[in-house]
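The structure appears right after this line, and notes come after that.
Keep in mind that what you see is a predicted model, and the values were worked out from it rather than measured.
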Amino acid sequence: NDRTYYYTVVAAGASSACYGRAAACVSATPTGTATPDFSLSCSPASLSIQQGASGTSTCTVASTGGFNSAVSLDCASLPAGVSCAYVPASVTPPANGSANSSLTVSVAGTTATGSYSFQARGTSGAPVHTANIALTVTAVPVPDFSVSCAPSSLSIQQGSSATSTCTVASVNNFNSAVSLACASLPANVSCGFSATPVTPPANGSVNSTLTVSVAAAAATGSYSFNVQGVSGALTRTAAMSLTVTPPPGTNQVRTYLISPALAIPDNTTTGVTSTLNVPDAMTITSVSVNVDITHTYQGDLELALSGPDNTTVLLHNRTGGGTDNV
């Protein structure tokens, strides 16, 4: 079948001397009758399905050689906990045409996660054909929640308070109660919520107003603390920053300490210098200096305080005679 042959025709008489002229060359391709058969394919040929869920693919039975018999569909080599079904379960393609069936693959909740392969199978008497299908079983997402607050940075005067809106958002259908609290608050600072516990709708969110109160006795400065949401074994936090400032018109008192433990050189004009670092930016209205200098004859000593602009104030100038220490 399907092989082309070439022919020429030559007239011949009773004697070999009587051959006539050859005819033009002609070709012929004999064709036999093809065996009726079918093929099977599925699209998509790769499925990703969560535990306890299902997925679909369209399987096509295509006729060749005039095939038009019924083809029964099923699955082979299914992993444990996985089943399949076709609608319809049997199709009859028209001769040299095709027919479709919808394949549904169902994964049990107990099926182990991982990658598998199985076959869609079509059977019509003796002919059996398959189509490979890849299957990835994924875990069901664990319900969870998140906590966020806006603004996340607060500046509050001593004896005052400020608010922030805290949002509890559901993740993966979470809809359980969440208790709100503050953790790692500085001394003399407290917090409260307009609502706690709160329950977000599945894949939605719910708000609660956070009020941070700073007592008059709270130390000025910058701090950090957390807003904490707890639901069963789940704990989620939102980082917060707090700056405590004095009320307008009040003076802050800042103390800076250094312990240089330096030996005082004898009889030198350069003496010894110790630098005290002041990291804050402010306007200074007054300065109080305390020193603890051990020396057996304070009348020998000069003690000066110099600023970064080289302004110098003499604090002790060879007074006190033989008294010990300054």
Side-chain donor or acceptor of Asn203 paired with backbone N/O of Asn173 under 3.5 Å = yes
Does one hydrophobic cluster hold both Val278 and Leu315, with members joined at side-chain heavy-atom distances below 4.5 Å?
-> yes
For the pair Ser101 (side chain) and Pro88 (backbone), establish whether a donor and an acceptor sit closer than 3.5 Å, ignoring hydrogens and angles.
-> yes
Do the side chains of His316 and Leu301 get nearer than 4.5 Å, heavy atoms only?
-> yes
Phe145 to Arg236 - nearest heavy-atom pair and separation | O-CG, 3.2 Å
Report yes or no: do Tyr256 and Leu305 belong to one cluster of Ile/Leu/Val/Met/Phe/Trp/Tyr joined by side chain heavy-atom distances under 4.5 Å?
-> yes
So, Ser194 side chain and Ser208 main chain: donor-acceptor pair closer than 3.5 Å or not?
-> no
So Val91 and Cys59, side-chain contact (heavy atoms from CB on, under 4.5 Å) or not? Walk me through it.
-> CA-CA 10 Å; Val91 295; Cys59 293; over 6 Å; no
Residue among Thr56, Thr111, Val105 satisfying side chain to side chain contact (heavy atoms under 4.5 Å, CB included) with Ile49 | Val105
Worked verdict on Gln298 versus Thr323 for side chain to side chain donor-acceptor pair (under 3.5 Å) | CA-CA 6 Å; Gln298 62 176 251; Thr323 304; 4.7 Å; no
Okay, side chain of Thr136, backbone of Ser115: is any donor-acceptor separation there less than 3.5 Å?
-> no
Any sub-3.5 Å donor-acceptor pair from Asn226's side-chain atoms to Gln228's backbone N or O?
-> no
Please walk me through it: do Leu73 and Leu40 pass side-chain contact (heavy atoms from CB on, under 4.5 Å)?
-> CA-CA 10 Å; Leu73 299 168; Leu40 177 63; 4.2 Å; yes
Would you indicate whether Leu276, at its atom CG, is surrounded by more than 12 heavy atoms from other residues, nucleotides or ligands within a distance under 6.0 Å?
-> yes
Heavy-atom side-chain contact between Ile133 and Leu103 under 4.5 Å = yes
Ser72 side-chain N/O to Ser90 backbone N/O, donor-acceptor pair under 3.5 Å | no
Closest contact, heavy atoms only, Ser205 versus Pro200 = CA-CB, 4.1 Å
To the nearest 0.5 Å, tell me how far Tyr86 OH sits from Asp74 CG.
-> 6.5 Å
Phe193 and Val230: same hydrophobic cluster, using ILVMFWY side-chain contacts below 4.5 Å?
-> no
Heavy-atom check, side chain of Asn96 versus side chain of Ser63, under 4.5 Å | yes
Classify the side-chain pair Ser41/Thr60 by whether it contains a donor and acceptor separated by less than 3.5 Å.
-> no
Nearest non-hydrogen partners of Ala304 and Leu314, listed with the distance = CB-CD1, 4.0 Å
All heavy atoms of Phe225 vs all of Ser184, minimum pair found to be CB-O, 3.5 Å
Do the side chains of Thr8 and Cys25 get nearer than 4.5 Å, heavy atoms only?
-> yes
State plainly whether one hydrophobic cluster holds both Ile293 and Val289, where clusters connect Ile, Leu, Val, Met, Phe, Trp and Tyr through side-chain heavy atoms under 4.5 angstrom apart.
-> yes
Within a radius of less than 6.0 Å around CG of Asp266, do more than 12 heavy atoms belonging to other residues, nucleotides or ligands occur?
-> no
Any residue meeting salt bridge (Lys or Arg N to Asp or Glu O under 4.0 Å) with Asp324, in chain and number order, not counting sequence neighbours | none
Side chain to side chain donor-acceptor pair (under 3.5 Å) between Ser306 and Thr312: does it pass, once the steps are laid out?
-> CA-CA 4 Å; Ser306 297; Thr312 300; 2.9 Å; yes
Report yes if the side chains of Val137 and Gln51 come closer than 4.5 Å at any heavy-atom pair, otherwise no.
-> yes
Would you sort out whether Thr104 and Val87 count as a side-chain contact (heavy atoms from CB on, under 4.5 Å), showing the intermediate values?
-> CA-CA 8 Å; Thr104 299; Val87 178; over 6 Å; no
Tell me, do Thr138 and Ser48 make a side-chain contact under 4.5 Å, heavy atoms counted?
-> yes
Look up atom OG in Ser27 and atom OH in Tyr5, then write down how far apart they are to the nearest 0.5 Å.
-> 12.5 Å
In this structure, CG of Leu154 is separated from SG of Cys191 (nearest 0.5 Å) by 11.0 Å
Is there a donor-acceptor pair under 3.5 Å between the side chain of Ser164 and the backbone N or O of Ala150?
-> yes
Please lay out, stage by stage, how Thr4 and Tyr6 fare under the test side-chain contact (heavy atoms from CB on, under 4.5 Å).
-> CA-CA 7 Å; Thr4 301; Tyr6 298 91; 3.9 Å; yes
Measure the shortest side-chain to side-chain distance between Ser77 and Gln119 over non-hydrogen atoms and say whether it is less than 4.5 angstrom.
-> yes
Minimum-distance pair of heavy atoms, taken over all atoms of Ser155 and Thr245 | OG-CG2, 3.9 Å
Approximate separation, where rounding is to 0.5 Å, of Asn100 CG and Ser43 OG = 10.0 Å
Ser274 versus Leu262, closest heavy-atom pair with distance = CB-CD1, 4.1 Å
Exam field: side chain Thr64 to backbone Asp37, donor-acceptor pair closer than 3.5 Å | yes
Rounded distance [0.5 Å steps], CG in Asp144 versus OG in Ser176 | 10.5 Å
Hphob cluster co-occupancy, Ile264 + Ile258, side-chain heavy atoms under 4.5 angstrom = yes
Pairwise distance CD(Gln157) to OG1(Thr243) - rounded to 0.5 angstrom = 12.5 Å
Say whether, by atom type as modelled, one donor and one acceptor occur between the side chain of Asn172 and the main chain of Val142 under 3.5 angstrom.
-> yes
Would you mind reporting whether Tyr223 and Val189 have side-chain heavy atoms less than 4.5 Å apart?
-> no
Are any side-chain N or O atoms of Thr29 and backbone N or O atoms of Arg3, one a donor and one an acceptor, separated by less than 3.5 Å?
-> no
